[in-house]
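The structure appears below as structure tokens.
Numbering of ligands and ligand atoms starts at 1, following listing order.
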Amino acid sequence: MSAPNKTELTAAAPLETLTGRRLALVVTGGVAAYKAADLSRLWIKAGAQVRVVLTENAARFITPLTFESLTGQPVALDMWSRPQYDIEHISLADWAEAVVVAPATANFLAKMAHGLADDFASTFMLAFDGPKLVAPAMNSRMLAAAATQDNMSALMERGVMVAPSEGGLLACGAVGDGRLADLNTIALMAARALGPNDFAGRAVAVTAGSTRESWDDIRFMANRSTGKMGLSLALAAWLRGAEVTLVAGPSLTQMPPKLPDFSIKPVESTRDMLAALEETKFQTLIMAAAPADFRPAERVSGKIKKSGGPPTLPLTSNPDILKSLPRDGRVFVGFAAEDQELVERAKGKLRDKNLDLIAANQAGGDGNAFAADDNHLWLADKNGEVTEITPRPKFAAAWSILDAVLKLRK
Ligand code: CTP
């Protein structure tokens with residue numbers, strides 16, 4: 001049995017993977033500039049260091065003082081005022097690990113695409129050669145203009161990431177595409193840009209939550225799973241570069257924001273979950289869901305009236321999803337919810353379901369994993385190795401499970 005690794009991630013939430021990381025935020029001159037203040041707060045709260053650059057036009061919408069107060073750092077504004085602090089474009093470019101431009105105006109995207117460097121922000125962008133993320137926000141016709149689209153394509157070809165703008169009511173009164181992306185989307189994309197990228201190129205399907213089995217149009221059977229573990233696994237895999245499909249039962253209490261390379265397939269019953277997985281392309285499946293093992297043999301249409309007395313509900317078995325899916329050389333990871341003899345029973349399920357890895361956790365009683373924020377796990381793999389994941393937030397536990405998935409390949 002291996003001892004827990006002392007250097008393991010302790011983040012309680014996806015954004016906390018940014019703790020101690022160095023981000024530069026470039027704010028350009030659009031109405032959405034005020035939202036950049038909240039964006040910087042999300043990172044600061046997560047423990048990141050943030051330095052802000054404002055263009056001259058951005059400073060008309062929001063003051064440097066706002067960002068200085070939020071970040072506790074001087075704000076870079078123009079090239080020519082005598083530097084009060086140690087900020088100039090080259091040293092900032094050396095300092096930052098990633099740069100996010102939010103909001104990015106059409107003008108600033110054009111400058112980036114063509115290598116123009118006539119102010120602090122654009123000079124800094126040219127001097128910075130690490131990961132860059134832009135979040136465009138502008139009037140929808142400016143966004144649709146061929147020049148803007150060509151500039152964005154050129155930037156993407158050079159590896160610049162884009163947090164796509166969203167549809168809705170724009171500041172100019174028009175309704176259309178061009179609103180700044182959700183701040184959580186931008187914040188998480190920056191975390192992914194700085195993630196280990198060790199799941200890049202891998203399609204990962206994760207199931208989460210309880211399924212529901214209806215006995216009439218109103219009532220259903222379910223269990224206490226809330227999907228927190230599955231959601232943590234999906235986000236952790238995404239942050240590590242995977243392309244993720246989250247197959248989510250209806251019990252999920254939280255949903256991630258819209259993210260590129262992250263799709264959500266909502267399902268209701270165990271049979272729906274199986275069908276959704278059958279049509280999903282993946283190389284790794286992590287079955288964190290607690291699908292119902294049984295369903296009422298018959299679903300009555302309408303509502304069963306109480307005047308008839310308590311109904312008798314004969315049950316029938318649902319398919320075992322892990323056993324029903326073809327392996328096709330794919331990696332299958334299961335969970336084992338056990339009320340006793342965790343490791344022994346989990347090993348039995350590992351063999352019975354022909355899995356590569358299984359994570360055993362407590363169902364009910366002391367240390368119950370269902371609906372909890374933390375989890376204490378035992379991992380058993382097909383090579384006979386058993387590892388304890390000491391109690392920790394479910395997100396950090398998810399990270400450890402993914403470490404074990406990567407170890408399988410070696
Ligand atoms: N699972 C599945 N299909 C089901 C039920 C469970 O694929 N119909 C998966 C779960 O997602 C989990 C693993 O099988 O990854 C083990 O689930 P668990 O509930 O611990 O065990 P069961 O196989 O349902 O057996 P039992 O309830 O008797 O412990």
Salt bridge present between Arg345 and Asp339 (N-O < 4.0 angstrom): yes

Sequence neighbours excluded, every pair satisfying side-chain hydrogen bond (donor to acceptor under 3.5 Å, both in side chains) that has a member inside residues 23-49: none

Identify the protein atoms, limited to N or O, that lie within less than 3.5 Å of an N or O atom of ligand 1, and list each pair with its distance to 0.1 Å.
| from | atom 1 | to | atom 2 | distance (Å) |
| --- | --- | --- | --- | --- |
| ligand 1 | 3 (N) | Ile321 | N | 2.9 |
| ligand 1 | 7 (O) | Ile321 | N | 3.3 |
| ligand 1 | 7 (O) | Leu322 | N | 2.9 |
| ligand 1 | 8 (N) | Pro319 | O | 3.0 |
| ligand 1 | 11 (O) | Met287 | O | 3.3 |
| ligand 1 | 11 (O) | Ala289 | O | 2.8 |
| ligand 1 | 14 (O) | Lys353 | NZ | 2.9 |
| ligand 1 | 15 (O) | Met287 | O | 2.8 |
| ligand 1 | 15 (O) | Phe335 | N | 2.8 |
| ligand 1 | 15 (O) | Phe335 | O | 3.3 |
| ligand 1 | 20 (O) | Ala337 | N | 3.0 |
| ligand 1 | 20 (O) | Lys349 | NZ | 2.7 |
| ligand 1 | 21 (O) | Lys349 | NZ | 2.9 |
| ligand 1 | 23 (O) | Lys353 | NZ | 2.5 |
| ligand 1 | 24 (O) | Asp293 | OD1 | 3.0 |
| ligand 1 | 24 (O) | Asp293 | OD2 | 3.2 |
| ligand 1 | 27 (O) | Asp293 | OD2 | 3.3 |
| ligand 1 | 29 (O) | Lys349 | NZ | 2.8 |

Under-4.0 Å salt bridge between Asp356 and Arg327: yes

Arg202: salt bridge (Lys or Arg N to Asp or Glu O under 4.0 Å) partners, not counting sequence neighbours: none

Electrostatic pair Asp261:Arg192 at N-O distance under 4.0 angstrom: yes

Pairwise side-chain hydrogen bond (donor to acceptor under 3.5 Å, both in side chains) hits with a residue in residues 142-152, at least two apart: His114-Asn151

